[in-house]
Amino acid sequence: MEKNGRIRVRFAPSPTGYIHVGNARTALFNWLFARQNGGIFVLRVEDTDIERSREEYERNLIQDLRWLGLDWDEGPDAGGNFGPYRQSERLELYHRYANQLLEEGKAYYCFCTAEELEKEREAALAEGRMPVYSGRCRNISLKEARLRLAAGEAGAIRLRVPDEGSIQFEDIVRGLVEFDLKLIGDPIIVRSNGMPAYNYAVVIDDALMKITHVIRGEDHVSNTPRQIILYRALGWEPPVFAHLSMVMGKDNTRLSKRHGATSVDQFRREGILPEALCNYLAFLGWSPPEGQEVLTLEQLVRLFDLRRVSRSAAIFDYEKLYWLNRQHIKLLRYEKKLELALPYLQEAGYVGTEVTPEQREWLEKAVEILIEGVDKFSQLPGKFSLLFDYQPENLDAEARSIVQADSARKVLVAFIQKTAGLNEFNYEIFAAITGEIKKETGVKGKDLFHPLRVALTARASGLELDKFIPLVEEGSRFDWPRKLKNCLERIREFSRILEA
RNA sequence: GCCCCUGUCGUCUAGCCCGGCCUAGGACAUCGCCCUUUCAAGGCGGCAACACGGGUUCGAAUCCCGUCGGGGGCGCCA
């Protein structure tokens, strides 16, 4: 695929906000392609939009990519032989080549005002034509233009695009793509404020950074012919292109805030595993030939194939992401599960900043048990609430109706009596007592256990009691920011409520 | 408006290039059953799609044309 030497790809975000999952997918596909081919992955920051770019966003961007598990060989923080890697630091380069194009007559100064251009646009639209720059300033000589510039007039630089013919290119995912040159106006390459325009800066950068494959979003397809013309004007060989379809929300519009979490940052906060997010993102438009579903980054690197990427847009499905996240959570070791869970438990106020080794051991056990069926780590405190928050005074409707049944009364009264004198409790004792109650009252199965569950947990559902009781008994021996009540304390509290 | 791309279960997709092996496969979701002292997890099973209309062909999800739907683009934004 490569003509000579190593494959070089790049991810070139602009630091204007948090990194979106659509961009993250583009980054991932570039990274996968680089890694599976022993290529170079470069990170370039496109910060020519001074109004919107912020340094803080660049830091977030780097942090998010690292968190995802992607690494780059060259970049603003990593260095490299083709730097600088921030467009704002490459201005001199853009000017040098713009001058060359100007001198060779391949580009020219344009003095049209925004209003004039807008008028032309509207006229074209009204006539049912594609709005294309008229070329009004094409014949202004360089000499004249420089005079006008010197006189203080503002001018932008446009690339001269041939009027006839077409531009073709072979896109790895879309196949042969062709554009009619009649529909492409002369694009601005340098704005009147001296800043390079996107279409120009990318070409200079990609060429100078020796990028061999440009893998980016579908929204750039129609920019590609302009860029190819630029490569040719500069006498450079264009790279191979691959345009990825868009990522949409449920309603088939571009994924946005109102669809839910959309930034990598948000998914991290919610407790989605990076490997799960990468796995999911890779499956948006791609699938391995054997149909495997749960894959690690290393497996993705091995199986990924750019040629198998779908051309149609994909809808982001949170449910499937959560399912993959559950699968990846299952793959984690218990120490790792606790490590990831701890911040959420601390934030919920269940666990303090200091954790003793004994507490850690208990927490590992608790997380292992309670994480079953959890979509993301942020849901874990809700599960721990079963252990730490015992509030028999506010039962929900279901729990109340369970307790109010006639047979339930009998069971509860017997249970309270039998536990009254105890100062020790465990699951064996619980099993023995329930056996006796079953014999004495004749109540069994669900009617027997359900009221007892409500008495011990103040909820209608939750963990199996054979797991719950040992966990609570052991956990209640430790000091927690919020007291963890043991079973006997719960029963006594419950009996007081029952009497009232 | 104009240009380009795209269209298989609700969703992600396999199959399409190289027509028959497709009574269209898998996964998520959903529904049911099993397991179980509840829920979940797990196991088993069900529902569910070739956008539509014309061709070509003995035969079309697969090839061709059109219609409709969806997306992208048409900036001195990136």
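So you know, we letter chains A, B, ... as the sequences are listed, proteins then strands, and number each from 1.
Nucleotides B/U36 and B/A14 are separated by 41 Å at their P atoms, to the nearest Å. Of the C1' atoms belonging to B/G7 and B/C44, the separation is 34 Å, rounded to the nearest Å. One C1' atom belongs to B/U62, the other to B/G19, and the distance between them is 6 Å to the nearest Å. For the C1' atoms, the distance from B/G32 to B/C47 is 10 Å, rounded to whole Å. Distance noted for atom C1' between B/C77 and B/G53: 42 Å (whole Å). Remark: the separation of the C1' atoms in B/A61 and B/U13 is 14 Å, to the nearest Å. Taking the C1' atom of each, B/G1 and B/U8 are spaced 32 Å apart, rounded to whole Å. Nucleotides B/C3 and B/U67 are separated by 12 Å at their P atoms, to the nearest Å.
As judged by a 4.0 angstrom heavy-atom cut-off over every strand, A/Met195 is placed among residues making no nucleic acid contact. Nucleic acid contact class of A/Ile184 (heavy atoms, under 4.0 Å, all strands): none. Counting non-hydrogen atoms under 4.0 angstrom, A/Gly462 reaches a base of the nucleic acid. A/Arg453 comes within 4.0 angstrom of a base, heavy atoms only. Within the nucleic acid shown, A/Lys330 comes within 4.0 Å of sugar-phosphate atoms alone, with no base atom in reach, counting heavy atoms only. Counting any heavy atom pair closer than 4.0 Å across all strands shown, A/Ser287 reaches sugar-phosphate atoms only and no base atom. If you check every strand for non-hydrogen atoms under 4.0 Å, A/Leu183 touches sugar and phosphate atoms only. Among the atoms of the strands shown, none is found under 4.0 Å from any heavy atom of A/Cys110. Residue A/Thr48 is classed as a sugar-phosphate contact, given heavy-atom separations below 4.0 Å to backbone atoms only. The residue A/Tyr427 sits close to a base: some heavy atom pair falls under 4.0 Å.
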Distance-only donor-acceptor hits, side chain of residues 380-387 of chain A, under 3.5 Å, sequence neighbours excluded:
unit_1	atom_1	unit_2	atom_2	d
A/Ser385	OG	A/Asp389	OD2	2.9
A/Ser385	OG	A/Arg459	NH2	3.4

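Residues meeting the ring pair (Phe, Tyr, Trp, His ring centres under 6.0 Å) test with A/Tyr318, sequence neighbours left out: A/Phe316. Annotation: side-chain contact (heavy atoms from CB on, under 4.5 Å) contacts of A/Val190 (sequence neighbours excluded): A/Ala98, A/Ile157, A/Tyr200. Residues passing the side chain to side chain donor-acceptor pair (under 3.5 Å) test with A/Arg333, sequence neighbours excluded: A/Glu335. Evaluation of the side chain to side chain donor-acceptor pair (under 3.5 Å) rule for A/Asn30 yields no partner, not counting sequence neighbours. Take A/Gln299 and apply the side chain to side chain donor-acceptor pair (under 3.5 Å) test, not counting sequence neighbours, and it matches A/Thr296. Considering only residues two or more places apart in sequence or on other chains, A/Ser263 meets the side chain to side chain donor-acceptor pair (under 3.5 Å) condition with A/Gln266. A/Glu122 meets the side-chain contact (heavy atoms from CB on, under 4.5 Å) test with A/Glu118; sequence neighbours excluded.
Taking a 4.0 Å limit (strictly below) on heavy-atom distances, residues 216-226 of chain A reaches RNA chain B at A/Glu218, A/Asp219, A/His220, A/Ser222, A/Asn223. Within residues 464-472 of chain A, the residues having any heavy atom closer than 4.0 Å to RNA chain B are, in order of number, A/Glu464.
Sorted by first and then second residue, the side chain to side chain donor-acceptor pair (under 3.5 Å) pairs involving residues 274-291 of chain A (not counting sequence neighbours) are A/Asn279-A/His328.
Base-pair partner of B/C18: not found among the strands shown (Watson-Crick or G-U wobble, both distances under 3.5 Å). B/G53 and B/C65 make up a base pair, with Watson-Crick or G-U wobble contacts both under 3.5 Å. Of all nucleotides present, only B/U11 satisfies the Watson-Crick or G-U wobble test against B/A27, with each distance under 3.5 Å.
Seen from the ring of A/Phe29, A/Arg25 counts as a face-on cation partner, given the 6.0 Å and 45° thresholds.
Residues A/Arg326 and A/Phe449 each lie close to RNA chain B; by heavy-atom proximity, the contact nearer the 5' end of the strand is made by A/Arg326.
Environment of CD in A/Glu92: sparse, with no more than 12 heavy atoms of neighbouring residues, nucleotides or ligands closer than 6.0 Å.
The closest donor-acceptor contact from the side chain of A/His450 to the backbone of A/Ala460 lies under 3.5 Å.
A/Tyr18 and A/Tyr57 have their aromatic ring centers within a separation under 6.0 angstrom.
Of all nucleotides in RNA chain B, those with any atom nearer than 4.0 Å to a heavy atom of chain A start and finish, going 5' to 3', at B/G1 to B/A78.
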